[in-house]
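Okay, structure first, notes after.
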Amino acid sequence: MDESSAKKARHELPNGHVKQEVAVQEVAGEGGAVVAAEYGSPVELAVRINMRVLHCPLCTRPFKPPVLQCKGGHLACGVCVAALPRCLCEACEEADGVFGLCPALDAVVSSAKVACPHDGCGRFVVYHESGEHQNACAHAPCHCTEPGCAGFAASPEALAGHLSSIHAVPLHTVKYGKVSRLQVPASVPRLLLVAEDDGRVFLLTVGALGGAGTTAVSVACVRASAAARPRFTCKMWVNLPPPPPPAAPAANGSVSGGKSDVVLVEMTVLSSTSPGAVVAADQPTFLSVPQMYLVPGPGDDGPTREVPLSIRIDKVSPWSS
């Protein structure tokens, strides 16, 4: 590379001003290309940086603006400075230890981004926000708790496929805001529900409640437990089966009828990265279905009972994923 090409490009502007461009040269042996961009334009560059530069030396947590610096050059985050006696630097011996703003490091802290490590995400997030993002990422790995699969972890979509194909967990599709009617065997502890709208995965859990034959039913969203958006609500209900028809119709040829009893619950759907460990009766809210609401189910293994469940899942604003 000759000397003239390594210089920063200069362009004469009206009134004698000079517009200067920033030239960035890649490390020799890795392309040797020179990238030029007008100064001030939003150009991003992949760099390596010592992590300690981005962490408060007192609490070791990532810096968040505003970063503070004393006259002796020592750095600290605002939380740590507020906890210091008289808010003065304890490392200073000659300077007075008074802290002030550090706009230069604020700019670095605000623009330093790292890639989310979760497969399928692909987002770059500000470094000091990366922990919060990973805890709420839609692609955070969820775990299979079935025997023999203690180490299996994958995205919610991949986990649903694993549970359905490997462990024969029944799978049904649902639509937000639409009622789905399911015949849920009381002996089947889990069912997968996949939203046709966006592929979100929910797990319906079923279990015994006490010794009176009552069945508990609950639902959880398979995703990072800290995920707050979007929010989901669920409405579930079971109608009491109608009594058998009379042996003979009434004298006037009509059959008496009326409204049937119903058990119903409306709940906010919680999230879990280990949905197989969720027990319906242990959840804050669940549907309690008395035995008289169950109906006979098909099967060759003797009498089975099913929950004639109606369920509607709603995606609540904010709608962002």
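The first residue in the sequence is number 1, and the count goes up from there.
- Both Met51 and Leu105 belong to a common hydrophobic cluster when Ile, Leu, Val, Met, Phe, Trp and Tyr are linked at side-chain heavy-atom distances under 4.5 angstrom.
- Using a cut-off of 4.0 Å between Lys/Arg side-chain N and Asp/Glu carboxylate O, Glu146 and Arg190 are scored as salt-bridged.
- When all heavy atoms of Ala281 and Phe286 are compared, the closest pair comes out as O-CE2, 3.5 Å.
- In this structure, a donor-acceptor pair under 3.5 Å is present between the side chains of Ser271 and Arg223.
- For the residue pair Ala186 and Thr215, the shortest heavy atom distance occurs at CB-OG1, 4.3 Å.
- Formation of a donor-acceptor pair under 3.5 Å by the Thr205 side chain with backbone atoms of Val219 is not found in this model.
- Annotation: side chain of Cys234 is not in contact with side chain of Arg312 (no heavy-atom distance under 4.5 Å).
- Remark: Glu132 CD to Cys137 SG distance equals 13.5 Å, nearest 0.5 Å.
- How far SG of Cys221 is from CD1 of Ile313: 8.5 Å, rounded to the nearest 0.5 Å.
- Following chains of ILVMFWY side-chain contacts shorter than 4.5 Å, one can reach Val53 starting from Val109, so the two form part of one hydrophobic cluster.
- Contact check for His167 versus Cys144: side-chain heavy atoms found under the 4.5 Å cut-off.
- When all heavy atoms are compared, the tightest approach of Ala140 to Pro156 is O-CD, 3.8 Å.
- The one candidate from Val67, Leu84, Leu88 that meets the side-chain contact (heavy atoms from CB on, under 4.5 Å) condition with Phe99 is Leu84.
- The backbone N or O of Val316 lies less than 3.5 Å from no partner atom in the side chain of Asp314, so there is not a single donor-acceptor pair.
- Tyr127 and His55 have their aromatic ring centers within a separation under 6.0 angstrom.
- Counting only N and O atoms by type, the side chains of Asp198 and Tyr176 include a donor and acceptor under 3.5 Å apart.
- Residues Val278 and Val188 do not share a hydrophobic cluster, defined by chaining ILVMFWY side chains whose heavy atoms lie under 4.5 Å apart.
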**Study point:** Worked verdict on Ile311 versus Leu182 for side-chain contact (heavy atoms from CB on, under 4.5 Å)
**Key:** CA-CA 8 Å; Ile311 181 171; Leu182 309 173; 4.2 Å; yes
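- Put simply, the side chain of Ser164 never gets that close to the backbone of Ala160: no donor and acceptor are under 3.5 Å apart.
- Expressed to the nearest 0.5 Å, how far NE2 of His128 lies from SG of Cys77 amounts to 12.0 Å.
- For the atom pair Asp119 CG and His139 NE2, the distance stands at 10.0 Å (nearest 0.5 Å).
- Taking SG from Cys102 and CZ from Phe63, the interatomic distance works out to 8.5 Å, rounded to the nearest 0.5 Å.
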Check your understanding: Taking it one step at a time, do Ser288 and Leu209 satisfy side-chain contact (heavy atoms from CB on, under 4.5 Å)?
Key -> CA-CA 8 Å; Ser288 179; Leu209 181 65; 3.6 Å; yes
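- When side chains are defined from C-beta on, Glu306 does not count as touching Leu294, because their heavy atoms never get closer than 4.5 Å.
- Shortest non-hydrogen contact noted between Ser272 and Cys142 is O-SG, 4.3 Å.
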Exercise for review: Could you walk me through whether Thr268 and Arg231 pass side-chain contact (heavy atoms from CB on, under 4.5 Å), step by step?
Suggested key: CA-CA 8 Å; Thr268 296; Arg231 188 168 63 88; 4.1 Å; yes
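- With rounding to the nearest 0.5 Å, the separation of CG in Leu309 from CD in Gln183 is 9.0 Å.
- If you chain together hydrophobic residues whose side chains sit under 4.5 Å apart, Met236 and Leu240 fall into the same group.
- The two atoms that bring Leu58 and Ala76 nearest to each other are CD1-CB, 3.9 Å, heavy atoms only.
- Inter-residue side-chain proximity for Leu287 and Val289 is flagged as met; some heavy-atom pair is nearer than 4.5 Å.
- Judged purely by atom type and a 3.5 angstrom limit, Ser155 uses its side chain to pair as donor or acceptor with the backbone of Ala158.
- Inter-residue side-chain proximity for Leu101 and Pro66 is flagged as met; some heavy-atom pair is nearer than 4.5 Å.
- The closest side-chain heavy-atom distance from Arg61 to Cys56 is not below 4.5 Å.
- Here Lys71 pairs with Asp96 under the side chain to side chain donor-acceptor pair (under 3.5 Å) rule; sequence neighbours left out.
- Aromatic ring centres of Phe202 and Phe232: separated by under 6.0 Å.
- Side-chain atoms of Leu204 and Val217, non-hydrogen and from C-beta on, do get closer than 4.5 Å to each other.
- Here Leu192 sits in one hydrophobic cluster together with Phe152, Leu159, Leu163, Val169, Leu171, Val194, Val201, Leu203, Val222; the rule is ILVMFWY side chains under 4.5 Å apart, joined directly or through other members.
- Between Val263 and Pro290, the shortest heavy-atom distance links the atoms CG1-CD, 4.0 Å.
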**Study point:** Verdict with supporting geometry, His162 and Cys149, side-chain contact (heavy atoms from CB on, under 4.5 Å)
**Key:** CA-CA 10 Å; His162 170 83; Cys149 283; 3.5 Å; yes
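- By the criterion of side-chain heavy atoms lying less than 4.5 angstrom apart, applied directly or through intervening Ile, Leu, Val, Met, Phe, Trp or Tyr residues, Leu270 is not grouped with Leu193; the two fall into different hydrophobic clusters.
- Counting only heavy atoms from C-beta outward, the side chains of Gln69 and His74 never approach each other to under 4.5 Å.
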